[in-house]
Asker: 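Please read through the structure below; I'll follow up with questions.
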Amino acid sequence: YFNPQMCVDQRTAAESHRQAIEDLVADLNRRLRSDRARLDADGARFLLTEKLASMSMLKVYGIRIDDANVPGSERTVPQLRIDFDEQEWLRRRQHDGFVLLVAHPEIPRSGPELVQLYRDKDAVEKDFQTIKDVVKLRPVYHHTDPKVRAHVTLCMLALLLERTLEQRLRRSSMPMSAPACFEVL
């Protein structure tokens, strides 16, 4: 099935990866141009390759090293160049937002029911992420069980408050999320 929010999230993450790679190349080239450069061309290529591998982007970018003149000097220094493979990028983006759900054949549910179960699970996971990030469940500096229970209870109440606010904002004429509403307040 297609999940539009997942599509947006995946494409946003992909664009931030592209920007991070461009920033890294600019930084490595700046370091290579420096008079006190400890980094050589092979080291720069290695660092860039490691970054691309960590983002699974080795097939999207080609790396080459060219010599470039340093402005105001007769010195030449190696500079990294990246070649962006637009076709590979588009091939990867064509499946953004699609989810393939595989269930055991003996599960007595229809396709739409399985999709709804998956979406419900996703909502619960997002609630836990909200509790950890927005509501700040962690770190817990309490050492007794009653204090930990009280802390978790307050976090759950904060989540309930946020969800109630989200629902009321959706029903009202204010198209605003709860975090945006908190910022305004």
Asker: Kindly compute the distance separating CZ (R168) from CD (E166), expressed to the nearest 0.5 Å.
Answerer: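 Atom-to-atom, R168:CZ and E166:CD are 13.0 Å apart.
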Asker: Heavy atoms only: give me the nearest A20-M55 pair and the separation to one decimal.
Answerer: CB-CE, 3.9 Å
Asker: Side chains of K59 and R92: does their closest heavy-atom pair fall under 4.5 Å?
Answerer: yes
Asker: What residues, two or more places apart in sequence or in another chain, satisfy side-chain contact (heavy atoms from CB on, under 4.5 Å) together with T153?
Answerer: L157
Asker: Where do L160 and T164 land on the side chain to side chain contact (heavy atoms under 4.5 Å, CB included) test, with the steps shown first?
Answerer: CA-CA 6 Å; L160 177 64; T164 304; 4.0 Å; yes
Asker: Considering residues, nucleotides and ligands other than F84, do more than 12 of their heavy atoms fall under 6.0 Å from its CZ?
Answerer: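 Above 12, so yes.
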Asker: So, for L32 and L39, which heavy atoms are closest and what is the spacing to 0.1 Å?
Answerer: CD2-O, 3.3 Å
Asker: In Å and rounded to the nearest 0.5 Å, what is the CG to CD1 distance from D40 to I65?
Answerer: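 Between atom CG of D40 and atom CD1 of I65 there are 8.5 Å.
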Asker: Using links of under 4.5 Å between side-chain heavy atoms of ILVMFWY residues, direct or through other members, which residues join V8 in one cluster?
Answerer: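 V8 shares its hydrophobic cluster with no other residue.
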Asker: Do K121 and L117 have side chains that approach each other closer than 4.5 Å (heavy atoms only, starting at C-beta)?
Answerer: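 Contact flag for K121/L117 side chains = no.
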Asker: Please examine the side chains of E113 and Y118, heavy atoms only from C-beta on, and report whether any two atoms are closer than 4.5 Å.
Answerer: no
Asker: To check you understand the geometry: which heavy-atom pair defines the closest contact between E88 and R91, and what is its length?
Answerer: OE2-NH2, 2.7 Å
Asker: Is a donor on one side and an acceptor on the other found under 3.5 Å between the side chain of R11 and the backbone of R93?
Answerer: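 Indeed, once roles are kept as given, a pair shorter than 3.5 Å links the two residues.
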Asker: Examine distances only and state if a side-chain atom of Q10 and a backbone atom of G97 form a donor-acceptor pair shorter than 3.5 Å.
Answerer: yes
Asker: Which residue pairs pass the salt bridge (Lys or Arg N to Asp or Glu O under 4.0 Å) test when at least one of the two sits in residues 63-74, sequence neighbours left out?
Answerer: R64-D66, R64-D83, D66-R81
Asker: Quick one: does L24's side chain get under 4.5 Å of L47's, heavy atoms only?
Answerer: no
Asker: S54 side chain to K51 main-chain N or O, any donor-acceptor pair under 3.5 Å?
Answerer: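 Yes, the answer is positive, given that a donor and an acceptor are paired below the 3.5 Å cut-off.
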Asker: Is there a donor-acceptor pair under 3.5 Å between the side chain of E22 and the backbone N or O of Q19?
Answerer: no
Asker: Is a donor on one side and an acceptor on the other found under 3.5 Å between the side chain of R163 and the backbone of A158?
Answerer: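 No, R163 side chain to A158 backbone: no donor-acceptor pair under 3.5 Å.
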Asker: Within this structure, what is the CG-CZ distance for the pair D145 and R149, rounded to the nearest 0.5 Å?
Answerer: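 Reported value, rounded in 0.5 Å steps: 5.0 Å.
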Asker: Hey, mind stepping through V102 and L100 against side chain to side chain contact (heavy atoms under 4.5 Å, CB included) and telling me if it holds?
Answerer: CA-CA 6 Å; V102 179; L100 175 65; 4.1 Å; yes
Asker: May I ask you to test the L52-I82 pair for a side-chain heavy-atom distance under 4.5 Å?
Answerer: no
Asker: Passes side chain to side chain contact (heavy atoms under 4.5 Å, CB included), L154 versus H151? Steps please.
Answerer: CA-CA 5 Å; L154 288 173; H151 182 86; 6.0 Å; no
Asker: For the atom pair SG (C7) and CG (D9), what is the distance rounded to the nearest 0.5 Å?
Answerer: 9.0 Å
Asker: Taking the side chain as everything from C-beta on, heavy atoms only, tell me whether R75 gets closer than 4.5 Å to V77.
Answerer: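 The answer is yes; the side chains approach within 4.5 Å.
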Asker: Side chains of Q116 and R109: do they bring a donor and an acceptor to under 3.5 Å?
Answerer: no
Asker: Please report the shortest heavy-atom distance between L28 and A44, naming the atom on each side.
Answerer: CD1-O, 3.7 Å
Asker: Which distance, rounded to the nearest 0.5 Å, do you find between the CG of L165 and the OG of S172?
Answerer: 9.0 Å
Asker: Heavy-atom distance under 4.5 Å between the side chains of V60 and R18, does that happen here?
Answerer: no
Asker: Which heavy atom of Q79 sits nearest a heavy atom of A68, and at what distance?
Answerer: CG-CB, 3.6 Å
Asker: Any heavy-atom pair between the side chains of I21 and D23 that's under 4.5 Å?
Answerer: no
